[in-house]
There are 2 protein chains.
Amino acid sequence: MLSIEQLKILFPDWEQGLYESVLENAELKEANAGAVLLKRGQNIKSAMLVVEGTIKLYQEDEEGGEYFMYHLNPGEACAVTLVCNYHHEQSQVLAKAVTDIKFLAIPITFMEKWLNTYKSWHYFVIKTYRSRYEELLKTIHEVAFKNMDERLEYYIKKQVDQFGVTVKLTHQDIANDLNTSREVISRLLKKMEHNGWIKMNRNAFDWIKK
Amino acid sequence: MLSIEQLKILFPDWEQGLYESVLENAELKEANAGAVLLKRGQNIKSAMLVVEGTIKLYQEDEEGGEYFMYHLNPGEACAVTLVCNYHHEQSQVLAKAVTDIKFLAIPITFMEKWLNTYKSWHYFVIKTYRSRYEELLKTIHEVAFKNMDERLEYYIKKQVDQFGVTVKLTHQDIANDLNTSREVISRLLKKMEHNGWIKMNRNAFDWIKK
DNA sequence: AGGGTGGTGTGATAAATATCACAGTTTAAA
DNA sequence: TTTAAACTGTGATATTTATCACACCACCCT
């Protein structure tokens, strides 16, 4: 398990009692890069707080399509799993580990309790929803208004923000995340290379622009 | 101003003190159908709680495009205006009155105060974010995975849920809300009519399917 | 070294959507 | 009643994206 000191670094604004309650009731879990942590329609039995590594959140189609929405990093929580009412606890999203990860799994029975007990938990939940809400707005902005070339650029920038200028993804990976086909991505990347925005390698490329 | 009794009907789960604080500090405002209540980039100076009528929330493009996301009805609040931290209070959305409306405008200075004072306000904020978050997920699902014909059907169903089977919108209205062109909507509606899903009139049509 | 696999490049074509042009039709206003 | 404005229908065409087909190349495996 984690120490209180580690928790305090990850979640600096919590109350003392909340740290203790987390240590007491949460389970520290691990998963390997690539693992699916949550699927569309799956029942949510615990909240997920990221401790180590990065998670990618997707909107998932009935027919297997995926659309990447945002990353979750240490100190952040998966908004959908922070259910406050036990009724409709079906996941609307797909969550995948990008790297090897560690996360705290907190049984949802504590959600209601903590909302009543810890102000800092309340704030944490609100902050989480608010920031994820904003990410979703950005995603809608992209997908509702932009063509694939601009969406690809936006996607790469998010990737670069997370992992640096060397993007270690195949064209197929990117195509899956943007719900399009590899050929489209290949051609657009080629165009970016011609424009001097990227330098391509096998299985990866470097973002140069700006 | 409203009476406490009216407030209790609209927001049944609040604490007594919250009702009083709202009556004391909120301003009851009105707007006509079609009025723009909030624009992209606009500074948010007050939270909006719907009292009467219906508001439509849009994602707005820099170049004037719009994409309809969801309706707000009496008893509901605009999530984006429930800012808890005063820093980045720029609106990401466009809000329009669909009907004549009344709403409570609450200066954002009270947000922080009420979060500290009223548990029911805390719950209200979380509930608001949660339900809007889910609406956004549905919107992403439509726009990322569906073709225009399915998106149009989904759009009409939302309209029908709000205002009944007679849809009083021009093709241009719908095209604006779905960020496409009137011709596309006209042709798709024609197809729906052939399929017996709708019965078309001028400036309106009836939803028949199912 | 040879062969398989996965990643990439690219033409050809199809499908979905956007855009332009214009005609017809209903409604509202003069 | 005439006229203008708004709404609708529809062809033609352009653009964007999806799909199919296949060639090539780098790397790993034995």
Side-chain angles (χ1 to χ4, degrees), chain A residues 33-34 61-68 140-156 159 166-207, chain B residues 33-34 61-68 140-156 159 166-207:
Chain A
D61 195 18
E62 302 85 1
E63 283 99 27
E66 301 171 2
Y67 199 92
F68 170 64
I140 292 175
H141 190 259
E142 290 301 302
V143 77
F145 300 127
K146 308 290 191 179
N147 285 345
M148 200 50 86
D149 54 348
E150 296 180 276
R151 283 154 65 187
L152 176 57
E153 189 182 346
Y154 182 68
Y155 174 88
I156 295 174
Q159 185 70 21
T166 298
V167 177
K168 296 191 198 69
L169 293 169
T170 67
H171 301 182
Q172 187 65 62
D173 291 336
I174 299 173
N176 289 342
D177 282 5
L178 293 176
N179 193 47
T180 181
S181 65
R182 181 198 54 86
E183 295 92 319
V184 171
I185 298 299
S186 284
R187 287 191 243 259
L188 290 176
L189 285 178
K190 200 105 277 248
K191 203 177 291 178
M192 286 187 174
E193 191 176 36
H194 284 145
N195 294 342
W197 297 6
I198 61 173
K199 183 172 163 307
M200 292 188 62
N201 302 303
R202 194 177 183 75
N203 296 341
F205 57 87
D206 292 321
W207 182 247
Chain B
D61 195 17
E62 301 86 0
E63 283 98 26
E66 301 171 3
Y67 199 92
F68 170 64
I140 292 175
H141 190 259
E142 290 302 302
V143 77
F145 300 127
K146 308 288 191 181
N147 286 344
M148 199 51 85
D149 54 348
E150 297 180 274
R151 282 154 66 185
L152 176 57
E153 188 181 346
Y154 181 69
Y155 175 87
I156 295 173
Q159 184 71 20
T166 299
V167 177
K168 295 190 198 72
L169 293 169
T170 67
H171 300 181
Q172 187 65 62
D173 291 336
I174 299 173
N176 290 342
D177 282 6
L178 293 175
N179 192 46
T180 181
S181 65
R182 181 197 55 85
E183 295 93 318
V184 171
I185 298 299
S186 284
R187 287 190 244 257
L188 290 175
L189 285 177
K190 199 105 279 249
K191 203 177 288 178
M192 286 186 174
E193 190 176 37
H194 284 145
N195 295 342
W197 297 6
I198 61 173
K199 185 173 160 306
M200 292 188 61
N201 302 302
R202 193 180 182 75
N203 295 341
F205 56 86
D206 293 322
W207 183 248

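This one's a predicted model, so the numbers in the text were calculated from it and none came from an experiment. Labels below follow one simple rule: chain letters A, B, ... track the order of the sequence lines, proteins then strands, and each chain is numbered from 1.
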Kindly write out the residues that satisfy side chain to side chain contact (heavy atoms under 4.5 Å, CB included) with A:N179, not counting sequence neighbours, or none if the list is empty. A:Y67, B:F145
Whole-Å gap separating C1' (C:dG9) and CD (A:E193): 11 Å
Contacts of type side chain to side chain contact (heavy atoms under 4.5 Å, CB included), residue B:N203, not counting sequence neighbours: B:T170
Mind calculating the distance between CG (B:L152) and P (C:dA16) to the nearest angstrom? 15 Å
Find the bend of the helix from C:dA1-D:dT30 to C:dA30-D:dT1 as the angle between its two terminal axes (five pairs each), to the nearest 10°. 30°
Please state how far atom NE2 in A:H171 lies from atom P in D:dC25, giving the value in whole angstrom units. 17 Å
Could you pull out all residues at least two apart from A:E153 that satisfy salt bridge (Lys or Arg N to Asp or Glu O under 4.0 Å)? A:K157, A:K209
Just how far, in rounded Å, is C1' of C:dG9 from CD1 of A:I174? 15 Å
Tell me every residue that passes salt bridge (Lys or Arg N to Asp or Glu O under 4.0 Å) with B:E63, counting only those two or more places apart in sequence or in another chain. none
Can you check the A:L169 CG to C:dG6 C1' distance for me, whole Å? 16 Å
Across all chains, not counting sequence neighbours, the ring-ring contact (aromatic ring centres under 6.0 Å, His included) partners of B:Y154 are none
Sorted by chain and residue number, the salt bridge (Lys or Arg N to Asp or Glu O under 4.0 Å) partners of A:K190 (sequence neighbours excluded) come out as A:E193
For nucleotides 25-30 of chain C, read 5' to 3', which letter fits each nucleotide if B means a protein heavy atom sits under 4.0 Å from the base, S means only the sugar-phosphate is that close, and - means neither? BBS---
Beyond-backbone contact of A:I156 with A:M192, side-chain heavy atoms, under 4.5 angstrom: yes
Measure the shortest side-chain to side-chain distance between A:Y155 and A:L169 over non-hydrogen atoms and say whether it is less than 4.5 angstrom. yes
Under 4.0 Å from any atom of DNA chain D, heavy atoms only: list the residues of residues 140-149 of chain A that qualify, in numerical order. A:N147, A:M148
Which residues in residues 178-190 of chain A have a heavy atom closer than 4.0 Å to any atom of DNA chain C? A:R182, A:E183, A:R187, A:K190
Got a sec, which pairs hit salt bridge (charged side-chain N to carboxylate O under 4.0 Å, His left out) with one end in residues 168-187 of chain A, sequence neighbours left out? A:K56-A:D177
Can you give me the closest heavy-atom contact between B:V143 and A:A144, atom names plus distance? CG2-CA, 3.8 Å
Nearest-Å distance for atom pair CG/P, residues A:D61 and D:dA18: 13 Å
In whole angstroms, the gap separating C1' of C:dT5 from CD of A:Q172 amounts to 14 Å
Identify, with sequence neighbours excluded, every residue that meets salt bridge (Lys or Arg N to Asp or Glu O under 4.0 Å) alongside B:K191. none
Could you walk me through whether B:L152 and B:L189 pass side-chain contact (heavy atoms from CB on, under 4.5 Å), step by step? CA-CA 9 Å; B:L152 176 57; B:L189 285 177; 4.0 Å; yes
Drop me the distance from B:I174's CD1 to B:R151's CZ, to the nearest 0.5 angstrom. 13.5 Å
When the distance from NZ of A:K168 to P of C:dG7 is rounded to whole Å, what number comes out? 16 Å
